[in-house]
Amino acid sequence: MIEPKWQTAWDQQQAFRAFNPGEEIPASHPFAARHGVAGAVTAAQLPPKFYILDMFPYPSGAGLHVGHPEGYTATDILARYQRAQGRNVLHPMGWDAFGLPAEQYAVKTGQHPRVTTETNIANFTRQIKSLGFSYDWSREIATTDVEYFKWTQWIFLKLYNAWFNPETNRAEAIETLKYPADCITEAQQRAYRDAKRLAYVSEAPVNWCPELGTVLANEEVIDGKSEVGGFPVIRKPMRQWMLRITAYAEKLLADLDTIDWSDSLKEMQRNWIGRSEGAEVDFQIANCQLPIAEAKIRVFTTRPDTLFGATYMVLSPEHKLVPQITTAAQKEAVEAYKNFAATKSDLERTELAKEKSGVFTGAYAINPVNGEQIPIWIADYVLASYGTGAIMAVPAHDTRDFEFAQKFNLPVVQVVQPPNGQTAWQGFTDDGVAVNSGFINGLPTPEAKKKITAWLAEKGLGHKTVNYKLRDWLFSRQRYWGEPFPIIWKKDAAGNLYHEALPESALPLLPPTLEDYKPTADGQPPLARATDWLHLPDGSLRETNTMPQWAGSCWYYLRYLDARNTDAFVGKEVEGYWMGKSEVTKPGVDLYVGGTEHAVLHLLYARFWHKVLFDLGQVSTAEPFYKLVNQGLILGEDGQKMSKSRGNVVNPDDILVEYGADAFRLYEMFMGPLQDSKPWNTKGVEGVYRFLGRVWRLFVDETSETEFEQAETTATDKANFKLLALIALNASIKDVPATPAQLKALHTCIKKVTEDLDAMRFNTAISAMMVFISEAMKWETQPVSVLAAFLQLLQPFAPHLAEELWSKLQALKAGAPATSLPYAAWPKYDAALLVEDVIEIPVQVNGKLRDVIKVALTATAAELEALALKNENVQPYLAGKNVKKVIVLPKKLVNIVAV
RNA sequence: GCCGGUGUGGCGAAAUGGCAGACGCACAGGACUUAAAAUCCUGGGACCAUAAAAAGUCGUGUGGGUUCGAGUCCCACCACCGGCACCA
């Protein structure tokens with residue numbers, strides 16, 4: 001009964017509304033009372049902001065499991081803590097509501113995905129609200145709201161109408177693009193412009209998943225299978241929308257140093273971006289009919305120092321020079337191999353990876369450093385999409401080249417001497433000393449690289465360069481339940497298709513109503529079924545792809561700032577206040593908590609969008625999320641990952657019925673460090689439930705509670721919160737001054753809880769409160785002031801119980817006006833109250849503990865040494881030995897070194 | 001293969017280089033009760049010893065090292081978890 005009472009009260013008061021600059025603050029709101037502000041105030045008049053964000057959930061039909069509320073509880077505790085510390089706390093919640101399950105359900109039943117989505121959101125809302133989180137629900141958003149995805153489409157237009165200017169090193173409006181001299185006609189300029197946009201169309205082979213009926217981004221393909229569902233993925237050439245995230249590779253990498261994320265997460269992003277420094281080198285093709293300028297093959301290598309050891313070259317089967325250099329004799333074999341490589345699915349490519357394959361083209365290239373003719377092969381171990389799609393093979397010092405050379409009997413020439421004479425040079429890939437390498441002989445690898453790169457540059461044969469593994473982001477999906485692209489397709493006079501953006505005034509572009517959500521018979525996306533929608537009066541066609549689920553989650557944290565703004569995706573002043581940096585506030589989101597599964601997808605995409613918006617002057621920080629913490633997985637009671645098939649899923653609803661939200665919250669935090677994975681144990685919930693019971697019994701008079709229980713069982717109205725008034729406080733609670741011992745217990749607890757919350761050590765904070773309660777239970781009288789301070793510490797963890805007891809305690813305080821607990825100023829500890837007069841000092845002999853002595857705090861080093869040496873438990877260990885040295889750390893320990 | 005992380009009682013865990021195991025679960029014993037539940041109190045790393053204790057020895061994945069002193073720092077190895085993986 002306590003929990004619904006307070007949840008209702010918080011709702012009615014809008015207790016956790018976060019106020020924007022310029023927003024009307026009701027004088028009756030506790031925030032106004034705490035900070036002495038009311039009415040509309042400027043950003044400068046508001047207290048410093050604290051933006052604490054959860055990764056918003058996908059509202060699935062299954063509802064919450066116990067993993068979701070772990071992060072939410074942690075952020076809620078900190079939100080409440082920061083509120084008590086006097087911050088203006090922004091703590092919002094919303095829904096990542098586009099997605100496949102609702103669409104698949106629609107395909108099966110014909111029910112509109114929106115209906116399914118709304119039902120699921122309602123269920124999630126109920127579950128989340130039952131946990132007593134202090135979200136500002138007035139800012140709730142769903143990515144599927146028309147008013148939300150209008151702005152998602154708007155941001156897409158920003159990307160579409162921007163290009164990355166390498167000279168200024170940032171994105172700029174497409175209008176600033178200068179055309180080359182030979183770009184004259186409208187069509188030429190359009191083609192040039194379209195090729196530069198941050199959102200562009202590509203015809204490249206994509207990851208097609210037949211089972212899901214859609215393409216997937218590289219990041220969504222794991223081991224040749226779809227991340228969702230584990231279905232096979234094949235490569236298929238298709239026309240697709242791409243986002244030029246590669247233009248931001250360097251910034252995405254470099255700015256990791258400016259944010260407070262875990263090392264492992266940063267490392268994952270670094271690996272994904274995959275920067276590598278090296279050189280591009282041109283190899284002339286021997287005896288070639290092509291014009292001299294075109295008759296060369298450019299390769300990328302991180303080991304230019306091994307150039308003397310390049311004994312053959314390999315092109316990817318898709319390389320554009322392959323048809324031109326292949327000799328008549330090899331034509332058939334090369335064609336066959338190309339077909340073989342093209343039809344292989346990604347999965348097969350991975351499986352066949354162990355065995356190298358390839359075909360000789362019949363052509364030769366000239367090694368620029370020694371003029372030797374080396375054969376040119378094609379092989380699928382060289383990827384078309386990385387570097388230049390061609391390599392120089394140095395079998396002696398590259399594992400893959402070595403395997404290939406062994407299989408096809410190609411020559412292997414040593415050019416690096418391993419530093420350790422024992423190591424075989426064949427297949428040695430680390431740094432060493434250059435040998436058999438002409439003018440770089442004798443140089444260690446780093447110097448050899450430098451010297452030969454400089455030599456290549458001087459001769460015009462090559463230059464230093466940087467490559468990234470990161471690929472552009474495949475941004476279109478063949479789905480119904482996603483944001484439609486605000487794009488139309490037209491034909492020019494010559495009959496060529498081209499695309500054009502809708503004007504901003506045409507937003508939002510709604511998806512059409514459909515009877516059938518399946519793709520069309522000829523493989524077109526479901527939107528193509530809506531012929532009325534598809535065809536515009538002027539003969540142009542709408543784009544039928546939709547955006548991926550990531551689109552909505554790329555910027556939701558910005559919409560929360562100003563969720564009901566109809567004029568802009570976010571107001572400028574509002575954005576500046578919540579994301580801005582000051583002496584006390586961090587730039588961007590102060591704390592973002594979510595699962596590690598989004599390490600490279602969501603977090604990379606969102607950073608990319610944010611950087612584009614930053615370049616375009618739409619937001620004020622270069623990074624969206626200043627501090628990020630990944631909560632660990634909660635495993636089932638069997639220590640296995642929770643899953644339906646294992647039958648070890650714990651439903652929070654069941655725990656709530658049995659133990660209540662406060663115990664649930666407390667247990668989730670008490671299990672262990674937030675970042676660690678740990679198994680669920682319902683018995684553990686009982687432990688913290690017992691603790692809350694002890695808190696309750698410390699405060700409450702037993703007789704009155706019995707009366708309440710009787711009244712409750714006979715009451716007709718189960719939600720009659722007034723019955724709670726029957727419960728009286730324990731007679732031992734009095735408005736009297738606290739004793740020194742009581743103050744010491746309290747302030748020890750305040751110190752520990754405060755420090756632990758600052759460091760996000762929730763489990764040890766709870767244990768400190770347990771220690772305090774055990775202590776307080778022994779007291780004959782409990783001063784109101786001490787218990788009130790304790791309730792303030794407890795409030796972030798167990799807000800319902802704390803509020804109820806607080807409200808009763810306030811009545812007992814003579815004359816003091818009732819303060820709203822969530823806005824009561826966080827207690828400060830007084831270090832002077834914590835000092836002991838007599839302390840215990842361990843005494844060691846040769847590092848082993850032999851006794852513990854009690855001494856005055858003020859005992860000097862000399863006194864401690866004397867006490868330790870004559871200690872009777874220490875004496876036996878000194879017998880027959882010389883005391884060589886005595887280490888004395890006043891207030892800490894004594895260690896006697898004796899031999 | 002490469003990168004990152006983690007190894008502490010029966011279990012979840014705690015410990016600025018300074019008394020290892022706080023707090024909690026489970027367990028055992030006791031109090032209250034006709035009884036049970038709830039609650040309260042007590043105990044608890046292992047070994048050795050003992051009627052019981054005290055004392056003692058060992059103990060933080062393994063093996064070395066640094067230090068007066070190591071769960072904590074360094075080196076090597078093992079196991080598990082996560083990520084990447086023909087990226088030249």
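Predicted model only: the values in this text are computed from it and were never measured. Lettering of chains follows the sequences in order, A, B, ..., and the numbering in each one begins at 1.
Note: CG (A/N763) to C1' (B/C25) measures 15 Å, nearest angstrom. Rounded to whole Å, atom P of B/C19 lies 11 Å from atom CG of A/N895. Note: CG (A/N630) to P (B/G4) measures 17 Å, nearest angstrom. The distance between atom CG of A/L265 and atom P of B/C3, rounded to the nearest whole Å, is 19 Å. At whole-Å resolution of the value, CG in A/L849 and P in B/U57 are 11 Å apart. Between A/F762 atom CZ and B/A22 atom C1' the separation is 19 Å, expressed in whole Å. Atom CG in A/L889 sits roughly 16 Å away from atom P in B/U16 (whole-Å rounding). Taking atom CG of residue A/N467 and atom P of nucleotide B/A88, one finds them 8 Å apart after rounding to whole Å.
No side-chain donor-acceptor contact under 3.5 Å links A/T246 to the backbone of A/R471. Without hydrogens or angle criteria, A/S262 side chain to A/L265 main chain gives a donor-acceptor distance under 3.5 Å.
Between B/A14 and B/U72, the two C1' atoms lie 13 Å apart (nearest whole Å). Using atom P as the reference point in both B/A20 and B/G56, the two lie 13 Å apart (nearest Å). Straight-line distance between the P atoms of B/G21 and B/A31: roughly 30 Å, to the nearest whole Å. Spacing between B/G10 and B/U62 at atom P, rounded to whole Å, works out to 14 Å. The same atom, C1', is picked in B/A53 and in B/A49; the two are 10 Å apart, to the nearest Å. Distance noted for atom C1' between B/U8 and B/G83: 27 Å (whole Å). A distance of about 22 Å separates the P atoms of B/G5 and B/G12, rounded to the whole Å. Spacing of P atoms, B/A79 relative to B/G17, comes out at 30 Å, to the nearest Å.
With RNA chain B read from its 5' end, the first of the two nearest nucleotides for A/T596 and A/S774 is the one closest to A/S774. When each of A/G672 and A/E840 is assigned the nucleotide of RNA chain B with its nearest heavy atom, A/G672 is the one assigned upstream, toward the 5' end.
Regarding contacts with the backbone of B/A88, a side-chain N or O of A/S276 is found under 4.0 angstrom from either OP1 or OP2. Side-chain N/O atoms of A/R694 include none lying less than 4.0 angstrom from OP1 or OP2 on B/C23. Contact annotation: A/Y689 does not reach the phosphate of B/U39 (side-chain N/O to OP1 or OP2, under 4.0 Å). Distances shorter than 4.0 Å separate none of the side-chain N or O atoms of A/R850 from OP1 or OP2 on B/A55.
Minimum interatomic distance between A/P411 and A/T311 (heavy atoms only, all atoms of both residues): O-OG1, 2.8 Å.
Between the side chain of A/K848 and the base of B/U57, no donor-acceptor pair of N or O atoms lies under 3.5 Å. Side chain A/K356 to base B/C86: a donor-acceptor pair is found below 3.5 Å. Side chain A/N271 to base B/C84: no donor-acceptor pair is found below 3.5 Å.
In this model, a donor atom of one side chain and an acceptor atom of the other lie less than 3.5 Å apart for A/S732 and A/Q782. For A/T764 and A/D756, the side-chain atoms include at least one donor-acceptor pair closer than 3.5 Å.
Relative to the six-membered ring of A/Y381, A/K356 meets both conditions, a distance below 6.0 Å and an angle of at most 45° to the axis. Taking the centre and axis of the six-membered ring of A/W261, the NZ or CZ atom of A/R607 falls inside the cone set by 45° and 6.0 Å.
Looking at the side chain of A/P673, the nearest of the listed nucleotides B/A14, B/U39, B/G83 is B/A14. Here the nucleotide nearest the side chain of A/R761, chosen from B/C84, B/A26, B/A15, is B/A15. Here the side chain of A/K683 is nearest to one of B/A26, B/A88, B/C23, namely B/A26. Candidate nucleotides B/A88, B/C19, B/G18 were compared by shortest atom distance to the side chain of A/L383, and B/A88 ranks first. Listed nucleotides B/G24, B/C25, B/A88 differ in distance to A/F670; the shortest reach to its side chain belongs to B/G24. Side-chain proximity of A/W272 to B/C23, B/C3, B/A85: nearest is B/A85.
A/T399 comes within contact range of no nucleotide atom at all, as no heavy-atom separation falls under 4.0 Å. Within the nucleic acid shown, A/F402 has no heavy atom closer than 4.0 Å to any nucleic acid atom. A/D263 comes within 4.0 angstrom of nothing in the nucleic acid, heavy atoms only. Across all strands shown, A/K678 has heavy atoms under 4.0 Å from sugar-phosphate atoms exclusively, and none from any base. Within 4.0 Å of A/R697, counting heavy atoms only, lie sugar-phosphate atoms of the nucleic acid but no base atom. Among the protein residues, A/K892 comes within range of the nucleic acid bases, having at least one heavy atom under 4.0 Å from a base atom. Within the nucleic acid shown, A/S767 comes within 4.0 Å of at least one base atom, counting heavy atoms only.
The side-chain hydrogen bond (donor to acceptor under 3.5 Å, both in side chains) test applied to A/T754 returns A/W826, not counting sequence neighbours. Partners of A/Y877 by side-chain hydrogen bond (donor to acceptor under 3.5 Å, both in side chains), not counting sequence neighbours, listed by chain and number: A/R850.
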Pairs under 3.5 Å (Watson-Crick or G-U), crossing ones as [ ], inter-strand ones as |: RNA chain B comes out as (((((((..(((.....[....))).(((((.......))))).(((........)))..(((((..]....))))))))))))....
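Between A/D676 and A/K678 no salt bridge is recorded (no basic side-chain N to carboxylate O distance below 4.0 Å).
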What's the verdict on side-chain hydrogen bond (donor to acceptor under 3.5 Å, both in side chains) for A/E637 and A/T682, showing C-alpha distance, side-chain angles and the deciding distance?
CA-CA 8 Å; A/E637 302 219 40; A/T682 301; 3.1 Å; yes
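Base orientation of B/G30: anti, since the glycosidic angle falls outside 90° of 0.
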